[in-house]
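One structure is given here, and the rest of the page talks about it.
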Amino acid sequence: MTDPSRSLLAMRTTAPLIQNITNYVAMNIAANVMLAGGASPAMVHAKEEASEFAGLAQGLTVNIGTLDAEWAECMVLAARAAQDHGTPWVLDPVAVGATGMRRALGQRLLALKPTVIRGNASEILALAGADTRGRGADAADGVEAAEQAAHALATQTGGVVAVTGAIDFVTDGTRTARVANGDPIMTRVTALGCALTGVVGAFITSGPIFDSTVAALAYYGLAGEVAAKTTQGPGSFQPAFLDALYAMTGPDLDEGARISTT
Amino acid sequence: MTDPSRSLLAMRTTAPLIQNITNYVAMNIAANVMLAGGASPAMVHAKEEASEFAGLAQGLTVNIGTLDAEWAECMVLAARAAQDHGTPWVLDPVAVGATGMRRALGQRLLALKPTVIRGNASEILALAGADTRGRGADAADGVEAAEQAAHALATQTGGVVAVTGAIDFVTDGTRTARVANGDPIMTRVTALGCALTGVVGAFITSGPIFDSTVAALAYYGLAGEVAAKTTQGPGSFQPAFLDALYAMTGPDLDEGARISTT
Amino acid sequence: MTDPSRSLLAMRTTAPLIQNITNYVAMNIAANVMLAGGASPAMVHAKEEASEFAGLAQGLTVNIGTLDAEWAECMVLAARAAQDHGTPWVLDPVAVGATGMRRALGQRLLALKPTVIRGNASEILALAGADTRGRGADAADGVEAAEQAAHALATQTGGVVAVTGAIDFVTDGTRTARVANGDPIMTRVTALGCALTGVVGAFITSGPIFDSTVAALAYYGLAGEVAAKTTQGPGSFQPAFLDALYAMTGPDLDEGARISTT
């Protein structure tokens with residue numbers, strides 16, 4: 001496994017243009033997180049231009065957080081365009097188990113073989129058709145409970161699946177890695193999981209998918225640790241987190257990353 | 001009237017899942033405010049899933065801030081589902097007097113008997129059919145000018161009406177309370193009224209409606225006072241405000257709440 | 001050319017109600033920037049109410065950042081209503097060169113003669129039909145490269161065109177000005193260009209268009225300089241920037257503005 005700094009620096013060098021179809025709650029913070037990290041985010045979701053834009057962008061992320069029928073169609077169109085162009089794309093199946101509409105859309109997007117799926121344990125379980133206690137966007141299951149589901153999804157799509165939580169779990173169906181970076185205060189800030197999806201989308205444009213995904217998680221979690229050290233709650237955490245994403249150097253990342261592979 | 005800390009702690013213990021149909025400006029800050037306070041917000045607005053989700057959630061808030069025809073229908077559907085499930089729901093009639101579309105929607109939602117209505121004086125006046133000088137989302141009338149309108153609305157719906165401003169006024173048609181917490185800088189941060197609606201929605205899921213509404217206003221205003229004390233403007237206020245919502249203990253709230261009942 | 005403080009104080013005195021049709025990423029920060037500055041923003045975009053609201057508002061801004069077919073129609077309706085009412089309006093042609101949908105909408109809006117066009121160099125070039133290297137919302141061209149295009153657009157619309165970048169360029173087809181205020185960190189915070197469009201929209205409601213536009217750019221850039229001096233990255237910059245917009249006095253602005261006219 002390559003050093004995570006290699007992925008970070010490769011991403012910063014290319015400053016990839018990433019098209020994000022994400023939810024209204026996440027749009028601003030996701031764009032700010034990606035800009036702080038060094039990527040170039042574009043929030044483009046119209047049916048009329050999603051396919052065309054997918055030809056321009058180096059990567060695509062699709063997040064089903066705030067949904068309606070029109071947006072659902074656009075997500076499918078954009079994912080199909082990404083598949084056609086060979087553009088890597090990330091699926092973030094927010095609250096996919098909560099309603100019939102979400103379950104159906106989750107399966108349609110799964111069939112388009114996302115390069116990476118990034119979700120919490122409840123979402124990964126629901127996407128794989130397993131039982132889950134998840135309700136909304138928050139996880140009600142531990143990461144370990146979703147490892148088998150993650151393996152199954154990775155095998156089904158030929159891609160990478162990342163289950164994020166206290167200790168993240170990543171697999172491509174063969175290899176697995178765990179990333180222990182992060183801080184509990186991150187669960188008290190909305191859309192940080194969604195914004196992480198954008199960072200994963202940026203990292204995987206410039207290196208091997210599995211390694212880049214793991215590096216993105218370590219980078220993100222480590223920035224969270226740095227920010228939590230100097231702040232008193234979820235409000236002051238946010239600006240400090242963006243500053244930490246911006247300031248982190250390659251050596252910082254390699255030194256602070258807590259990655260274990262099996 | 002019970003101590004406000006009782007409402008705060010009851011809410012934090014249950015961490016209620018609250019469905020919010022709110023405006024684009026407010027979504028992120030409302031979710032962050034609710035997470036900082038201890039609730040579990042979900043922003044779900046699609047016609048296809050709003051009713052289904054209303055069966056999962058402990059509470060619903062409907063805010064008409066950014067509107068189109070589709071969203072208006074969804075708000076009505078979700079409010080009706082809440083009524084059918086006996087789920088408490090809060091109406092935030094943003095700028096309801098500004099256009100014919102808003103006036104019509106306001107009346108449709110009013111007919112679905114919101115558990116709580118939370119608005120500024122101009123909005124409460126407009127919703128009650130009285131004259132108002134309000135233009136956009138900002139109040140042009142003093143809270144006192146809307147007391148009679150609030151009484152009338154509470155009597156009409158059988159619910160609670162909260163008029164927020166320099167000194168908030170709350171009534172259920174019989175009892176009244178005034179809450180003097182807050183800081184003027186809060187009017188220079190967008191969507192803080194909308195985010196308060198989310199907090200009211202969370203509080204009323206775990207206690208008597210009138211008392212919980214009053215407690216939510218005191219909690220929110222007091223956190224604003226705490227944040228204003230250590231900051232220099234509307235920018236630094238925001239993170240400090242979220243930190244204060246997060247850090248406030250029951251004793252802090254009981255000591256700082258400035259509630260008077262009549 | 002009048003002192004920029006005159007424009008700032010005139011705007012603060014009237015606290016103009018500005019209708020903004022802007023993108024999802026920008027809505028919150030644009031509203032907060034405008035509130036911090038002293039304007040009264042309203043985010044109103046429904047087809048059903050956009051025209052009616054244009055009769056209430058003192059100004060309108062139209063930003064094509066996040067687009068779909070419905071929103072495109074609404075932008076045209078609102079711009080037409082502004083034109084009919086003689087209300088000044090600002091066009092922000094975000095990523096106008098990226099897709100066919102954007103190019104077509106840009107031309108329709110241009111035909112409605114925006115009072116001010118505010119964009120980065122790539123956007124101004126694309127709107128004028130010139131070659132550009134721009135991809136998404138970020139500029140890939142220098143400001144100088146767009147000066148001729150800006151002149152052509154100003155002549156075509158009879159309005160003012162502002163090309164913002166390291167050194168902003170403003171022209172009404174006859175006069176030109178350059179504004180050297182600002183800080184590079186501003187390019188690492190999303191939607192600051194969009195939020196500036198709102199500030200321009202507020203300034204031009206209360207003074208001569210050319211002078212007010214230049215004053216808005218100087219005010220905005222100078223607040224960025226102030227904020228950058230005391231912060232460590234794009235996260236802490238944001239709150240400090242809002243504080244600086246809020247705290248800036250007329251004398252601060254006149255002293256710090258770096259405006260040159262030709």
Side-chain angles (χ1 to χ4, degrees), chain B residues 22-32 43 63-73 94-105 133-140 184-195 227 230-243, chain C residues 15-58 66 68 70-71 73-74 198 223 226-227 230-231 235-248:
Chain B
T22 190
N23 65 75
Y24 301 120
V25 183
M27 283 193 189
N28 185 278
I29 183 70
N32 272 327
M43 273 53 190
N63 172 303
I64 68 168
T66 48
L67 209 55
D68 66 23
E70 185 92 0
W71 277 62
E73 287 317 304
V94 179
V96 70
T99 64
M101 185 189 200
R102 284 167 194 268
R103 282 186 292 271
L105 178 61
R133 287 172 293 166
R135 309 173 301 169
D138 300 322
I185 194 72
M186 298 174 86
T187 63
R188 291 297 193 105
V189 180
T190 197
L192 284 198
C194 307
T230 59
T231 53
Q232 285 75 47
S236 49
F237 174 84
Q238 260 195 79
F241 179 55
L242 292 169
D243 286 357
Chain C
L17 177 67
I18 307 296
Q19 177 183 1
N20 302 282
I21 305 179
T22 189
N23 64 76
Y24 300 121
V25 183
M27 282 193 189
N28 185 277
I29 183 69
N32 272 327
V33 156
M34 293 171 78
L35 280 171
S40 178
M43 273 53 191
V44 174
H45 59 261
K47 268 199 316 204
E48 291 80 1
E49 61 177 3
S51 304
E52 188 178 352
F53 202 88
L56 293 177
Q58 272 90 59
T66 49
D68 66 24
E70 186 91 0
W71 278 61
E73 286 318 304
C74 178
V226 170
T230 58
T231 54
S236 49
F237 174 84
Q238 260 195 79
F241 178 56
L242 291 170
D243 286 356
L245 290 168
Y246 177 73
M248 193 177 295

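Note: hydrogens, waters and symmetry copies are ignored here, and every other heavy atom, side chains too, is used. First the proteins, then the strands, lettered A, B, ... as listed; each starts at 1.
- In this structure the side chain of Gln238(C) never reaches within 4.5 angstrom of the side chain of Asn32(C), judged on heavy atoms.
- Between Ile18(C) and Pro41(C) the shortest side-chain heavy-atom distance does not fall below 4.5 Å.
- Once rounded to the nearest 0.5 Å, the distance linking CE of Met101(B) with CZ of Phe53(C) reads 13.5 Å.
- Rounding to the nearest 0.5 angstrom, the gap separating the CZ atom in Phe241(B) from the OG1 atom in Thr231(B) is 11.0 Å.
- Between chain C and the residues Thr190(B), Leu67(B), Asp68(B), the largest count of heavy-atom pairs under 4.5 Å involves Thr190(B).
- Proximity to chain C (any heavy atom under 4.5 Å) is restricted, for Pro239(B), to the side chain, taken from C-beta onward.
- For chain B, the option among Asn28(C), Leu242(C), Leu245(C), Thr22(C) with the highest count of heavy-atom pairs below 4.5 Å is Asn28(C).
- Using a 4.5 Å cut-off between heavy atoms, Ala247(C) makes no contact with chain B at all.
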